[in-house]
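In what follows, a structure is listed as structure tokens, so that the remarks can point back to it.
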Amino acid sequence: GCVLRAESLSMTYAEGKLRTPVFAGLDLAVRAGETVAIVGASGAGKSTLLHLLGGLDTPTAGEVHVAGHRMSALSDAERGRLRNRALGFVYQFHHLLPEFTALENVMLPVLLAGGANGEADRRARDLLTAVGLGHRLEHKPGELSGGERQRAAVARALVNRPACVLGDEPTGNLDEKTAASVFELMLSLNREQGTSLVLVTHDRELAHRLDRVLELHEGRLRQVG
Ligand code: ADP
Ligand code: ADP
């Protein structure tokens, strides 16, 4: 089935230039386990699309369905719970909480979902070990390298075993070698856990490693390659 579906999605920012739509009538369906790259020029609307898919913003028209739930039919609290349970987010900046250790940062989504402390601790340890940070559990973000911080962010995105991870330039702040290794990590977690990936990236080479590459251009999504 589809883990993520956008139907006739339109977005116009109220305070935007001449209120021009960023896009209108856009459709997208992401199947379970599928990996999709979204590419396009700066300002094309990639981040806007990702925000709508992740329920961080409300479309002007159209619908987003996450794991079978229509986002607009949910209350803010229900939408928040669905986002924490069904989706994982990785951004260009890691957004780890600086005063907490790597372990605590990764435990947090489990605790927010109502998981017990022991369960959160076990899953966070397992996942941090899987991303190569088994020796950095007690380190705070400020004590980690850029690549390590992004690996911890990937672990945090996956700890609730989401149906889909949404990434906005998740490797954009890393040098080429580190970016490649974090990208490989996301692909291996996709293969092992069947998590769908939707990644915004300007790196065409990385994009073409995914199942589908979609280019957002003048408000339309078209398949590339
Ligand atoms: P991309 O991620 O492809 O660079 P964005 O989604 O960030 O594109 O932006 C698409 C367009 O929407 C741009 O013209 C941008 O200026 C505009 N935009 C993005 N966010 C907002 C906002 N909150 N308010 C007004 N305009 C916005
Ligand atoms: P990106 O490289 O992803 O385009 P930006 O720093 O330009 O990063 O913006 C990140 C996101 O913040 C945008 O995609 C948009 O959704 C949101 N944003 C941008 N401008 C505004 C604004 N004025 N008010 C609220 N949100 C905004």
Side-chain angles (χ1 to χ4, degrees), residues 3-30 34-66 71-72 74 76 79-80 82-83 86-96 146 149-150 153-154 156-157 162 164-176 178-180 182-183 186-187 190 195-225:
V3 294
L4 200 57
R5 196 153 55 85
E7 270 176 10
S8 299
L9 210 58
S10 301
M11 187 62 175
T12 304
Y13 287 106
E15 72 274 30
K17 265 182 273 174
L18 307 169
R19 298 182 48 92
T20 323
V22 179
F23 42 74
L26 195 142
D27 296 304
L28 172 66
V30 180
E34 193 183 19
T35 59
V36 178
I38 310 276
V39 300
S42 178
K46 306 181 296 296
S47 297
T48 299
L49 175 60
L50 217 60
H51 282 194
L52 297 180
L53 293 177
L56 296 164
D57 212 343
T58 308
T60 315
E63 282 292 348
V64 173
H65 301 255
V66 174
M71 292 297 244
S72 68
L74 304 178
D76 287 350
R79 195 159 41 241
L82 180 64
R83 291 185 49 222
L87 298 174
F89 297 86
V90 188
Y91 305 93
Q92 190 166 357
F93 181 72
H94 56 83
H95 292 292
L96 296 167
R149 283 196 286 263
Q150 214 53 356
V154 170
R156 182 190 48 190
C164 187
V165 166
L166 301 175
D168 196 346
E169 299 276 9
T171 62
N173 253 339
L174 305 173
D175 63 74
E176 202 178 325
T178 312
V182 171
F183 187 81
M186 296 182 80
L187 281 184
N190 155 260
T195 316
S196 301
L197 294 177
V198 178
L199 301 183
V200 165
T201 179
H202 65 261
D203 188 328
R204 297 271 172 158
E205 208 167 302
L206 294 185
H208 283 285
R209 302 277 313 279
L210 304 187
D211 297 332
R212 270 198 288 163
V213 181
L214 301 175
E215 181 173 26
L216 189 53
H217 181 68
E218 292 177 355
R220 307 191 67 83
L221 270 181
R222 63 171 187 221
Q223 190 148 342
V224 183

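Note that ligands are numbered from 1 as they come in the structure, with each ligand's atoms numbered from 1 the same way.
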- Task: Check whether any heavy atom of G40 sits under 4.0 Å from an atom of ligand 1.
- Result: no
- Message: Any nitrogen or oxygen of A44 lying under 3.5 Å from a nitrogen or oxygen in ligand 1? Just yes or no.
- Response: yes
- Query: Distance-only, no hydrogens or angles: does the R83 side chain make a donor-acceptor pair with backbone N or O of F89 under 3.5 Å?
  - Reply: no
- Query: Between S10 and G25, is there a donor-acceptor pair closer than 3.5 Å when you use the side chain of the first and the backbone of the second?
  - Reply: yes
- Query: Counting from 1, what ligand 1 atoms have a heavy atom of S47 closer than 4.0 Å?
  - Reply: 1 (P), 2 (O), 6 (O), 7 (O)
- Per-atom contacts of ligand 1 with S42, taking only distances under 4.0 Å to non-hydrogen atoms: 4 (O)
- Message: If we ignore hydrogens and angles and just use 3.5 Å, is the side chain of K46 paired with the main-chain N or O of E215 as donor and acceptor?
- Response: no
- For ligand 1, which atoms sit closer than 4.0 Å to a heavy atom of A41? 3 (O)
- Message: Determine whether a donor-acceptor pair (N or O, by modelled atom type, separation under 3.5 Å) exists between the side chain of Q150 and the backbone of T171.
- Response: no
- Message: Hydrogens and angles aside, do E63 and S72 bring a side-chain donor and acceptor to less than 3.5 Å of each other?
- Response: yes
- Answer with side chain, backbone, both or neither: which part of T48 has a heavy atom less than 4.0 angstrom from an atom of ligand 1? both
